[in-house]
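Working notes, structure below.
Each chain gets a letter, A, B and so on, in the order the sequences are listed, and its residues count up from 1. Since we're looking at a predicted model, the values are computed, not measured.
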Amino acid sequence: MRWSQTFIHTLRQDPADAEVVSHRLLVRAGFIAKVAAGIYNYLPLAARSLAKLSAIVREEMEAAGSAELIMPAVQPAELWQDSGRWTQYGPELLRIKDRHDRDFCFGPTHEEVITDIVRGTVTSYRQLPVNMYQIQTKFRDEIRPRFGLMRGREFIMKDAYSFHADPDDLDVAYRAMERAYRRVFARCGLRFTQVEADTGNIGGSESHEFMVLADTGEDAILSCTQCSYGANVEKAQTGALGTAPPWPLDRPDRPREVATPEQRTIDEVSTFLGIAPEHLIKTLVFETDKELVAVLIRGDLEVNEVKLGNALDCRHLQLASEQKILEVTGGPQGFSGPVGLAGVRLLADPSVMELAVAATGANLDQTHLVGVVPGRDFVVHQVVDLRLARDGDPCPRCAGRLVERRGIEVGHVFKLGTKYSKAMGCTFLDAEGADHPMIMGCYGLGVSRTMAAAIEQNHDDKGIVWPLPLAPYEVVLAVLNSDKEEVVRAAEELYGQLLGAGVEVLFDDRPERPGVKFNDMDLIGFPVRVVVGKRALESGEVELSLRRDGEKRTTPVGELVAAVTVLLDGLRAEVVKA
RNA sequence: CGGGGUGUAGCGCAGCCUGGUAGCGCACCUGCCUUGGGCGCAGGGGGUCGGAGGUUCAAAUCCUCUCGCCCCGACCA
């Protein structure tokens, strides 16, 4: 392709509204252009990268036994009413009406449609399993779209769904999908990790996320330095805690009140009392959509609100207001404690119940209790892991330590269970003729987000540094002195040779000054660069370099095709075969 | 939805406070010049100042309403 015949327009200045690097570079390098908040044009360069990524996804999905189909973007309300999500999904579901005033939505996901397909066709265990996928535009009306393609409202996703007669069969498909995802991201040339994930409000029994590693990632992930354990911070567990320092105070037969004027925070109280934060019981009051609860955790630890939400089985959760705390505990914020606390559900992290003796708030203004013994001085309704894991914590599986890294969620696989099949009557007959809901799995991969994540991970101060498999063109060929007939002739000749050899090359034939061309090539990030200029040409040579190191080497004109082929083969060999 | 901003040429911005012929840089067009890292010189085209209403002799500027967009928060398969 010739530059002059495609549509590539770079910007000299950063767009004012781009916050993150992938957004900034995608816009500047001419890959995308905003149409509305969270809605973008994918210009020709982006279309090529997306096509390459999609091709890899298709190959791996087919290899894993999933068949491509295409479902509608616009879906009738009836299906969503059938599953119950028409009312559950909330304003993120873009609802639209047709000319007859009938309700539709623009699909944010396709469980309803695929379940409708399968329930109408599959009736016997003999027809299972079923596994299908599509690559399609989704729309989710996010409250605040941001970060360009990282969190758009309209985006491209590969979504797959599988249907099974029993959990073991689901497990087979699930493992095949995990493997396919690992292969996809490895073949894209991305550094990534697979982690255990919270199943969130989609429900289900098992879930993994695939994270492209990048410092700018929105998600925190913890992985063990010694074993394969890895989890999203929302889900991460930790190993046994170290032993606390010895209790430095007396051990009264019952808790003793101590005046702690204006000492509210863990740091203030532990310093004031001369004890370690590990000796304090932190008491937090949360307000859910159903109730108020008091949550206990050791003073040096933090509560994981996702774990808490799961334990309480609630949809929304927030720290209670000062007013609510006063109503529930009788004391002001900063002086809450479990002793004598009645009329409210009490949850504790195991770290609290392991304390032999502790200090905590007295539910009285300016007062704490010391010498509190869990089990003797208070009992809780439920002991459950509520701890937020953090960097340096012990691994739950081995003797190693967890390290925290940042990642971008590009894939998420779920064992869904029977949530949709039950709700929508998607059942089959087993060998005995008994009726059962099918067991489902669903598997999402953010295609447009993966393109953005690739840039978050691979860029420098000049622009994008595409991994070869996702580059819009593998090679760029630039002619520097377009006023010199013999230089242009040589470049045209080389362009023909590269095309003839099957090299995926973009020919920068614009009559621009060299500086403009160099900067554009760096900005767009073509992996291999060939420069034809009069200087090298005088000695019968052209210049060759890789985007990632910029190191220049010259090669005789007659050997260019061979030299480019060698470079490309080298880059391909680096991409891990998962 | 709460808080804070912002909207002026394709892009990035100034002008607004203190009302008086709409500006700068980049991009674009023409000519000359230059040609290995976003050349130089000269000339030129392009804007109902987000929209509606109001105040005024006069509104980009002041007032009211409205819409879009951005940031922080809450939210997020």
For [X], answer base if it contacts any base atom (sugar-phosphate contacts may also be present), sugar-phosphate if it contacts only those atoms, and nothing otherwise; contact means non-hydrogen atoms under 4.0 Å.
{"X": "A/D159", "answer": "nothing"}
{"X": "A/F155", "answer": "base"}
{"X": "A/R529", "answer": "base"}

Could you measure between the two [atom1] atoms, the one in [N] and the one in [M], and give it in whole Å?
{"N": "B/G37", "M": "B/C69", "atom1": "P", "result": "42 Å"}
{"N": "B/G5", "M": "B/C13", "atom1": "C1'", "result": "16 Å"}
{"N": "B/G2", "M": "B/C62", "atom1": "P", "result": "25 Å"}
{"N": "B/A27", "M": "B/C11", "atom1": "C1'", "result": "7 Å"}

If you measure only the distance, is there a donor-acceptor pair under 3.5 Å linking the side chains of [X] and [Y]?
{"X": "A/Q194", "Y": "A/E209", "result": "no"}
{"X": "A/D198", "Y": "A/N310", "result": "yes"}
{"X": "A/E456", "Y": "A/H459", "result": "no"}
{"X": "A/S448", "Y": "A/Y40", "result": "no"}
{"X": "A/H208", "Y": "A/Y181", "result": "no"}

Paired with [N]: which nucleotide, if any, by Watson-Crick or G-U wobble criteria at under 3.5 Å for both distances?
{"N": "B/C69", "answer": "B/G5"}
{"N": "B/C24", "answer": "B/G12"}
{"N": "B/U48", "answer": "none"}
{"N": "B/G40", "answer": "B/C32"}

Between A/G515 and A/M157, which has a closest nucleotide on RNA chain B that is more 5'?
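Mapping each residue to its closest nucleotide by heavy atoms, the 5'-most match is A/G515.
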
Assuming nearest nucleotide by heavy-atom distance, tell me which of A/F518 and A/E305 is located more 5' along RNA chain B.
A/F518

Using a cut-off of under 3.5 Å, enumerate the N/O to N/O pairs linking the protein to nucleotides 69-72 of chain B.
unit_1 : atom_1 : unit_2 : atom_2 : d
B/C69  : OP1    : A/A37  : N      : 3.3
B/C69  : O3'    : A/K34  : NZ     : 3.1
B/C72  : OP2    : A/R144 : NH1    : 2.9
B/C72  : OP2    : A/R144 : NH2    : 2.7

Salt-bridge present (A/D215, A/R406; N to O < 4.0 Å):
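No, no charged N to carboxylate O under 4.0 Å.
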
Taking ring-ring contact (aromatic ring centres under 6.0 Å, His included) as the test, write out the residues that go with A/Y495, two or more places apart.
A/F507

A correct 5'-to-3' footprint of nucleotides 26-35 of chain B, with B, S and - meaning base, sugar-phosphate only and no protein heavy atom under 4.0 Å, is SS------BB

Smallest heavy-atom separation, A/R182 atom then A/F192 atom, equals O-CZ, 3.4 Å

Check for me whether A/R95 meets the cation-pi criterion with A/W86, that is, NZ or CZ under 6.0 Å from the six-membered ring centre and within 45 degrees of the ring axis.
yes

